[in-house]
Amino acid sequence: MGMIRVYDLAKSLGISSKELLDRLEQLGLHFKSHSSNVDEDHVRSLLIAATSEKQSRPKPKLLETPPPVHATPAESRRPRTGKAEAPIMLPETSTRKPARSKPAETKEPSGAKPITEETSPAGKVSVVEHKGPQKPKAVSSLHPTQETAVLKRPSAVPLEPPQRPVAAATTVKAGPSSQPPIPPPPVTVPGPRATVAPPAQEPSVQVEETQRVLSVPSRPIIKIAETITVKELAENISMSPSEVIKQLIKMGIMTTINQPLDVEVVKRAADRLGFSVEVMPLEETTAGAEEIEDLSLLLPRSPVVTIMGHVDHGKTSLLDAIRQTNVIASEAGGITQHIGAYQVDLPGGKITFLDTPGHEAFTAMRARGAQATDIVVLVVAADDGVMPQTLEAVSHAKDAGVPILVAVNKIDKPGADSNRVMQQLAEQGLVPEDWGGQTIYAEVSAKKKIGIDHLLEMLLLLAEIQELKANPHKAAKGVIIEAELDRGRGPVATVLVQQGTLKVGDVIVAGLHSGRVRAMNNDKGKRVQAAGPATPVEVLGLSGVAMAGDTFVVVSDERKARQIALSRQQKHREETIVSKHRVTLEDLHRRIQEGEVKELRMIIKGDVQGSIGPFRESLGRIGTDAVRLKVIHASVGAINETDVMLASASNAVIVGFHVRPEPKAQKLAEQEGVEVRLYTVIYDAINEIRQAMEGLLEPTYIERSIGRVEVRQVFAVPKVGAVAGSMVVDGKVCRDSQVRLIRDSKVVHKGRVGSLRRFKEDVREVQNGFECGVGLVNYNDIKVGDVLEVFELESVAQKL
Ligand SMILES: Nc1nc2c(ncn2[C@@H]2O[C@H](COP(=O)(O)OP(=O)(O)OP(=O)(O)O)[C@@H](O)[C@H]2O)c(=O)[nH]1
């Protein structure tokens, strides 16, 4: 026998590659990855020897049957009343592996039933319940807050075990002296870090810790999810509803017990009652998101895959080929419905494919806060090689932190050269496994259906390595893949369930809409009653058409769902928030100071590669400890919508050299609040970025676009020069307006309008949709097809 790949050997042994690698590791044999070559005979005999040795030895089976987990991080974060006097039993796993214990190690004990959230902590964490007058909820409100202060901002907290503050916290006198009662200190076994035994600390460190806890706001904080009724608020702060109503009356607000309250009202009332209010997104307060996942309840789930690649490289053909292979393979023979995603069922597991290929959809979704994809299949045509959009796709996937599997397509074509593709992509960091790298390449022909099975097998393998898991036994949560208004069925949304199980009858909030799930269809067009993690289903019953990328979440009752949807709609109307969150160079310094920004992400677009390279190099030199400069994508060409979406999704600033945003991209940038900075000189750009980092950037003017004019004809008028017979295609143009002359997406001139005429008449301005003659001051090189961007400069008050 000879050499064999790890995954092939694993397959023949009927175990996963990961398991095999683990076992080999125990035997002192280290292999880099599942595709490493091993000597089959040697390994087999070693495994047999190890197995028989193990059988003859009574104990202990370290990796195979881990001891039961006594306290999961989720439990530890759950609010508790009472002091942390009783011992807290940490997971035994902690002695074996620090911090990031992998789910594999907390394998479910055989036959273990999923533990319900209610029952799990009680039996597992030894805590003395405080029987005092406070209700647990009031206490719970402080607990997460303190954790938030201590743990949620790792930037402000040096790396050290966070347990100590618990002890320190017992000395803290918190809250007002009268009501509400001061919640006792939290019982903290915070996060996975709790599994690391805390090193002995120097006294000075303890003082520091104590100070930090002391600096935590002493007022208890209640967390509310977008909307809350008087009754719920009263419960949360351990008061009777009538007391809350009384307080509201004092504030001049007449309410009933079940009346939902505006967040601002709750904040004011809570303030008077000695509490603070934190508004959490619904997704974080339901479906257990607030708590750390109970690892023992996680079960493997199928991977969700998006196909990306350059135009015409065969994305759609590949999706079709995969779909057809599967339809033919499945004996049910159902015709796959187009619902925005589909699942293929293979002997080794299922794979979910999102049906909209391309990185635009992928990034648009991310920009809306959703990441649905686990693996990106990058399609590259073997005869064409790596192209601009291939590189874009690589940037988009990398920025999202999603692993890439390369499908080298069209290998049936005469000019196919897979090696060249590998070489080109290796330069982008996608080094093939055969060359010692980590990236899986699969050669396929979507047209001739060659290599499709192998590609699917490789996808399952990559998924296996990722150890994708989800807890199917909780309320569902997920993302909208697409949605439309069907004339017969009303609003229809295709959703991807990401956590939990969605069932018919569940009440959901999806983006700005809510509703009870009336019916669900799977990708084969079949009615289903339930959909677990990674399953795409078509959902009927929502009140409106949600947007792709919106998240959905199951909530307890319909009334609450409606309230939340209504309050979101109202907020949406008033929305200015989007732009507020985006980084701009002007507020960069403040954000650095506040610890909000540690990295300035940039997308660079240039007219030629020559201007991009040197700019990148210069950027590398001005990064500081306080803020890192990271270029997430750089390419040649005009700034397009995809760039803006990527910037929006990654909170980046776009920097352009000698290029302009396309009109649609400009609009989108305004909509999304993405900053686009245009330069002609590298020095200026570097200078401004450095100033921005230091807080010295002094914006004095911002440019406001007012119109766009297309040149349809050019006349040479004696004594006047070139006059452009033009059409105003957007906004307006005025005499004296400032303009930029664009040719092939490049700025060729910047100046002013000198003359503006309509039918030989001098006019002051011409509106959208009208023809006119435009002459520019001291500039005659106007050509048909040129575009005039009309703008004005608006002075802006200096900041800081
Ligand atoms: N010879 C050959 N042609 C292929 C193969 N895969 C796709 N094609 C052809 O390549 C062309 C483009 O394929 P599409 O699947 O539309 O490519 P795409 O990447 O989805 O293109 P866009 O949607 O425009 O971005 C079509 O004419 C396909 O028939 C293949 O494996 N071999």
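Both ligands and their constituent atoms are indexed starting at 1 by order of listing.
Under the 6.0 Å distance and 45° angle rule, R740 counts as a cation-pi partner of F791.
Annotation: atom 18 (P) of ligand 1 to nearest protein heavy atom, K315 N, 3.4 Å. For atom 24 (O) of ligand 1, the closest non-hydrogen atom on the protein side is V311 CG2, 3.4 Å. Closest protein heavy atom to atom 6 (N) of ligand 1: N409 ND2, 3.2 Å. Taking atom 21 (O) of ligand 1 as the reference point, the nearest protein heavy-atom neighbour is D312 N, 3.0 Å. In terms of protein heavy-atom proximity, atom 31 (O) of ligand 1 is nearest to A446 N, 2.9 Å. Counting protein heavy atoms only, atom 3 (N) of ligand 1 is closest to K447 CD, 3.5 Å. Looking only at protein heavy atoms, the nearest one to atom 26 (C) of ligand 1 is S317 OG, 4.6 Å. Of all protein heavy atoms, the one closest to atom 10 (O) of ligand 1 is K410 NZ, 3.0 Å.
In this structure, a donor-acceptor pair under 3.5 Å is absent between the side chains of H633 and D399.
The closest side-chain heavy-atom distance from I411 to S418 is below 4.5 Å. I689 has its side chain within reach of F615: a pair of non-hydrogen atoms, C-beta onward, lies under 4.5 Å apart. For the pair V406 and P432, the minimum side-chain heavy-atom distance is 4.5 Å or more.
Here the CD1-OG distance, from I508 to S514, works out to 8.5 Å after rounding to the nearest 0.5 Å. Atom CG of residue D312 and atom NZ of residue K315 lie 7.5 Å apart, to the nearest 0.5 angstrom.
Under the 4.0 Å criterion applied to side-chain N and carboxylate O atoms, K524 and D345 are not assigned as salt-bridge partners. The pair K447-D412 does not count as a salt bridge, with every side-chain nitrogen at least 4.0 angstrom from each carboxylate oxygen.
For the pair G314 and ligand 1, the shortest N or O to N or O distance falls below 3.5 Å. Inclusion of K448 in the set of residues having an N or O under 3.5 Å from an N or O of ligand 1 is not warranted.
Residue contact check: H310 has heavy atoms under 4.0 Å from atoms 19 (O) of ligand 1. For ligand 1, the atoms lying closer than 4.0 Å to a non-hydrogen atom of T316 are 15 (O), 18 (P), 20 (O), 23 (O). Ligand-side atoms of ligand 1 in range of S445: 30 (C), 31 (O), 32 (N), range being under 4.0 angstrom from any heavy atom. Contact atoms of ligand 1 toward D412: 1 (N), 2 (C), 30 (C), 31 (O), 32 (N) (distance under 4.0 Å to a heavy atom of the residue). Atoms of ligand 1 lying under 4.0 Å from any heavy atom of K413, numbered from 1 in the order shown and given with element: 1 (N).
G340 approaches I481 most closely through the heavy-atom pair O-CG2, 3.5 Å.
Protein heavy atoms are found inside the 4.0 Å sphere centred on atom 28 (C) of ligand 1.
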